[in-house]
Amino acid sequence: MKRHKKSAAVAAATAFSIVLAGCAGSASKQDSSDESGLRALTFRSWSPIEQTTRQMVDAFTSANPDTKIDATIFNYPEYLVDLQTRASSGTMPDIIGLQPGALTQQYRSNLLPLQDCAQKTWGADWQKKFYPIGIDQARLGNPAGDENFYSLPLLVQTVNLWANTEIFEAGNAQIPKTWDELVAVVKQLKGGEYAPFMLPAKDSWLRNVVFLQIANNVEPGLVYQAEDGSDKWTNPKIVEAFTYWGKLFTDGIAQDGAIGLDAYPSGANQFEAGNAAMIPLGAWWIQQSDPSKTGIPPLSEGMSGYQPFLFPTIPGGAAQSQYVGGIDVALGISKNTKNPDLACKVLTDWIAGAGAQKLINTFNDLPAVTGLNPEKFTSDKQQQIWTTLTTEWMPQVKYSRYLKSPQLDTALGDALSAIATGQLTPKAAADKMQAEQEKVGG
Amino acid sequence: MKTAEETTTAAPAVPTQAATRASQPLRRRLRWEHAVLAPMAALWLIPIAMVIGMSLLPTSNPKTTAFGMFPAEPSLGNYVEIWTNNPILRNLINSALITVPSVLLVMLFGSMTAFALARLRVPLKAVIFGALTLALILPMSSIVVAVFKILQSMGLYNNLVGLVLVYTALGLPFAVIIIRTSFLAVPEELHEAASLDGASKFTVYWRIYLPLSRPALAVVAVWQCMSSWNDFLLPLVTLQDNELKPLTLIPLAYRGVFLSQPGALFAVLVLISLPIVVVFLAVQRYLVNGLSGAIK
Amino acid sequence: MTYVKIDKTSVRRERLAGTMFLLPAFLLFVLFVVYPIVYNVQASTLDWDGVNQGVFTGLGNYARLFDDPIFITTLKNSGWWILLTIIPQALIGFFLALLLNEKIRGRAIYRAIFFVPAVLSPVVVGIVWQRMLDPFNGVFVKVGQATGLDFLARGYLADPETAIFAAIVVNVWMWTGFSMLFYLAGLQLIDSSVLAAAKIDGASTWRTVRSIIWPMLRPTHLSLLLLGVIGSLKTFELVYVLTEGGPNHASEMLPTYTFKQAFQLQSVGYASTISVVLLLIAVVSSLSMVRAFGSGFLTGDAK
């Protein structure tokens, strides 16, 4: 008898909770789609970070009270799954985050060309507003004759090294400008509690940006010619670049186990905790000093403990270190959006309007447009670093931080990993890259 | 529950007799068990302690101590931040609305299927069982697009019911395998006796088999709870409204390529795991001599 | 009702009942399992990026598998994973279950401690273990330096020779508690007097365990074996967070490789092909288990 009652209760609970789930599901569905009078947009991306995005959304919706923006920010790999599913089933968000090149090209047929929107908002010479590398990369991979902009850059960046100046001062060391100085400084700083050169090389993107800095310092621009097929990966200069990459590991420059450490959170965390003298990251590191954040660690407070510098020159290579960088995130608009004009308004606001100001106030990364600065700096050092990055470095960036094709980008990451672990010699890695190049190209 | 424990204590005459005799060595043996279990538990706890340690890592001081396991300056700031920046309660309710029905449905449908496979004459038993393994193997990332399309065509896009159905379907094989094993251990005489009394198949299943397989149902409940509670890919893709989002979608915002708040990420992931630990603690009570006691 | 009448009508009625019992599961199964499989099989014949129109290539993607060294690595890794997770997890789990089936103090706490790793998100598990194993600043290396145990100070995750095994160790840590849970449930199916007998007579405990309890748990072993094989084959998140399949694909598993192909390399067709192969391997291995352990494994008739 008792048991009977119990089972009836379970059955009732099941039925009830299903009905409840049903109600919750359908009820909310209604209020999102036809809420009275509100023009709604959806935005999905992996960048900028969630808290910043919220401020950008608020900036726009408070200036345009008849609009509603549903923004979802999440991790890049999951973002790719989500985007693919939605694009293939007619539920693509109105505004999406994009990387230039392969990702933009994959969705090209689902995206609106944006040059008209840009021209309408900023005038005929709108392209001058942007850093040149951003304009270059926005059309990366377009088929011949297609001059459309399927995405517009939101944030750009340089890739470079950062030094912990406290460690450098305490060790009485100089920031290295050449490879030999780098080797000497690492030797000088060794033996402490910290790693002289922390290389969080588990991530393929990080291996690639470090290599591209080395390669462009060996022979500026050569890698991209090899990528186009107008030169070869087996060119001795590229093999030399691979050799220098390998030296980071074999000559004791990188810390032990570098190939197993991820950049985020582990590497970044250790650097911020003062466990490393140098780390290869990029301009976005300035976001550590974002004044809107609570609880900034001492090193990051007003960037007091950091100094950016370019990857040291390579013996026999270019006399000056080269600037490598590119688009961090670009925005695109879905072809199926019900409100193309509104989407254009949001997009341009976030790139160069009030939303952009909010974005830049958090030092999330460098703006894609020139002349946009944070309203408030927390220290002179922060301002000085910002000025260096935006007015000296970024305009000079000529070389891309990634390769065009995802196949080659992946193959490069694999080859670098194989060199680092001693599975491939630099020569063999170059051969492999060339083979991959011919497979992709042909 | 009560019946089970009563029967264990009142169990066969042999142990009672022996218990008095063995009370002295018993104490010594208990110590031996702790001597093995305690160090193992300590070993198991190290990474768990580090997870908790990192969730207490304040953004203002990323330095650590105790071999890097614990923050130099622990704080609850991450939990506060998670709590203030997210509609945790709303998300928690959504998670429960997805998980609870799917657990109940899996237990119900799974045990029905298991009963048919264990005790009824059904055609193509072997084929059915083999096909079940198919559902076990499917990784979410390979089926998410197809599942999305079905839900869309059923009008269940942006609807929690869709998630419940998918998790139930994917959880069934596990449930069937586990529950079937325990049904098989129920002596067939019980079944026959009941049938002769005129009980229908359903009554036999509901009144005899189901109550006897509580330990197996407990395992299934824990497993199903974990898998529908923890999945994030499907809700991410099939839900549109923020009001519908479950807890697991919060950590995604703290991951990102430029993740600089591992403390917050860990805090939210610890929060998400807590309810499952509670469920486990509640359910593990059923893992005491259920069957052997109840039959006698 | 008499015994004579039972034969025909009751057989028919039992079949009907059986069908009714199977129906709900069957419907869900067709919708959410069969269709995705069909979808994957179809996609596996295409050269397709998942968004734009695909090009039919027949069995081209399948032919490509044989030339793909990374695919071969994933098969090898899956083999190691199956071998090195199932056996230790079963042994340790069984041992823990035996101890924790008795009424000892703190039983619930012990059970919870061993089980908690299975509950944690693979994301935190991956990040924490990566930190512990980091040879520059990790817990292991520091403990190793403090105690002189040099083997603790190696970069297991950074070495292509050992990365997969390090991931397996983490997996064993994570899932042993679940095996324990299984054996605990399995032990409940054994008559308590058998267990009690094992408890009293200290001298022959080991023999009772080995020759009575262990064999009586055969259905549990088999379930765990089946789930272990399949769980190993579909390992994804832990490896993805811990090593991302690296260094240089050394710890790549079938699902991590599928994921990379589908979403990073935009080759959904090839990724589907790998998924189909994964399904085939799973079906073949479960069928061969049936072969090896007799059809009683399925129907439960033999025991």
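Predicted model, so just to flag it, every value in this text is computed and none were measured. In what follows, chains are A, B, ... by sequence order, proteins preceding strands, each numbered from 1.
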Problem - Working for side chain to side chain contact (heavy atoms under 4.5 Å, CB included), residues C:Leu184 and B:Gln284 - result: CA-CA 9 Å; C:Leu184 276 172; B:Gln284 61 93 23; over 6 Å; no

Under a 4.5 Å heavy-atom cut-off, does chain B meet the side chain of [X], its backbone, both or neither?
X        : answer
C:Ile92  : side chain
C:Ala25  : both
C:Leu254 : neither
C:Ala271 : neither
C:Phe140 : neither

Practice task
Among the options C:Phe182, C:Trp129, C:Phe115, pick out the one with the most heavy-atom pairs lying under 4.5 Å from chain B.
Solution key: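 Ranked by heavy-atom pairs under 4.5 Å with chain B, first place is C:Phe115.
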
Handout entry: Interface residue of largest heavy-atom contact number with chain B, from C:Val283, C:Thr258, C:Leu233, C:Ile37, under 4.5 Å
Key =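 Of C:Val283, C:Thr258, C:Leu233, C:Ile37, C:Ile37 has the most heavy-atom pairs under 4.5 Å with chain B.
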
Validation row: [X], [Y] side chains within 4.5 angstrom (heavy atoms):
X        : Y        : value
B:Val270 : C:Val124 : no
C:Leu96  : B:Trp44  : no
C:Phe21  : B:Thr113 : no
B:Glu33  : C:Leu100 : no

Against chain C, work out which of [options] has the most heavy-atom pairs shorter than 4.5 Å and name it.
options                                : result
B:Val166, B:Val277, B:Thr248           : B:Val166
B:Val147, B:Leu269, B:Ile143, B:Leu43  : B:Leu269
B:Leu281, B:Ile272, B:Thr181, B:Thr64  : B:Thr181
B:Val145, B:Thr168, B:Asn230, B:Leu170 : B:Val145
B:Pro47, B:Ala114, B:Ala41             : B:Pro47
B:Leu37, B:Ile177, B:Val144            : B:Leu37

Quick check on [X] against chain C: is it the side chain, the backbone, both or neither that has a heavy atom closer than 4.5 Å?
X        : answer
B:Leu172 : side chain
B:Ala38  : both
B:Tyr205 : side chain
B:Val222 : side chain

Handout entry: Verdict with reasoning, B:His34 to C:Arg105, per side chain to side chain contact (heavy atoms under 4.5 Å, CB included)
Key = CA-CA 9 Å; B:His34 283 290; C:Arg105 193 175 298 161; 4.2 Å; yes

Practice task
Test side chain to side chain contact (heavy atoms under 4.5 Å, CB included) on B:Leu105 and C:Leu28 and set out the steps.
Solution key: CA-CA 11 Å; B:Leu105 284 178; C:Leu28 284 173; over 6 Å; no

How far does [atom1] of [X] sit from [atom2] of [Y], to the nearest 0.5 angstrom?
X        : Y        : atom1 : atom2 : value
B:Leu165 : C:Leu31  : CG    : CG    : 8.0 Å
C:Ile127 : B:Leu265 : CD1   : CG    : 5.5 Å
B:Met40  : C:Phe114 : CE    : CZ    : 5.0 Å
C:Ile230 : B:Phe174 : CD1   : CZ    : 11.5 Å

Shortest non-hydrogen contact from [X] to [Y]?
X        : Y        : result
B:Ala146 : C:Tyr35  : O-CE2, 3.6 Å
C:Phe178 : B:Trp223 : CZ-CE3, 3.2 Å
C:Ala118 : B:Met226 : O-CE, 3.2 Å
C:Ser121 : B:Ser273 : N-OG, 4.4 Å
B:Met112 : C:Met20  : CE-O, 4.0 Å

Practice task
Quickly, which of C:Leu181, C:Val116, C:Val119 forms a side-chain contact (heavy atoms from CB on, under 4.5 Å) with B:Phe280? Name it, please.
Solution key: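 Going through C:Leu181, C:Val116, C:Val119 one by one, the side-chain contact (heavy atoms from CB on, under 4.5 Å) with B:Phe280 is satisfied by C:Leu181 alone.
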
Practice task
Could you tell me whether C:Phe26 atom CZ has more than 12 heavy atoms of other residues or ligands within 6.0 Å of it?
Solution key: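 No, the 6.0 Å shell around CZ holds no more than 12 heavy atoms from other groups.
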
Handout entry: Test log, rule side chain to side chain contact (heavy atoms under 4.5 Å, CB included), inputs B:Lys149 and C:Tyr39
Key = CA-CA 10 Å; B:Lys149 292 194 164 167; C:Tyr39 181 91; 3.9 Å; yes

Handout entry: Residues which pass side-chain contact (heavy atoms from CB on, under 4.5 Å) with C:Ile109, listed by chain and number, not counting sequence neighbours
Key =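 side-chain contact (heavy atoms from CB on, under 4.5 Å) list for C:Ile109, sorted by chain: C:Ile113.
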
Practice task
Apply side-chain contact (heavy atoms from CB on, under 4.5 Å) to B:Leu271 and list each qualifying residue two or more places apart in sequence or on a separate chain.
Solution key: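 B:Leu271 satisfies side-chain contact (heavy atoms from CB on, under 4.5 Å) with B:Tyr79, B:Ile82, B:Leu274 once adjacent residues are dropped.
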
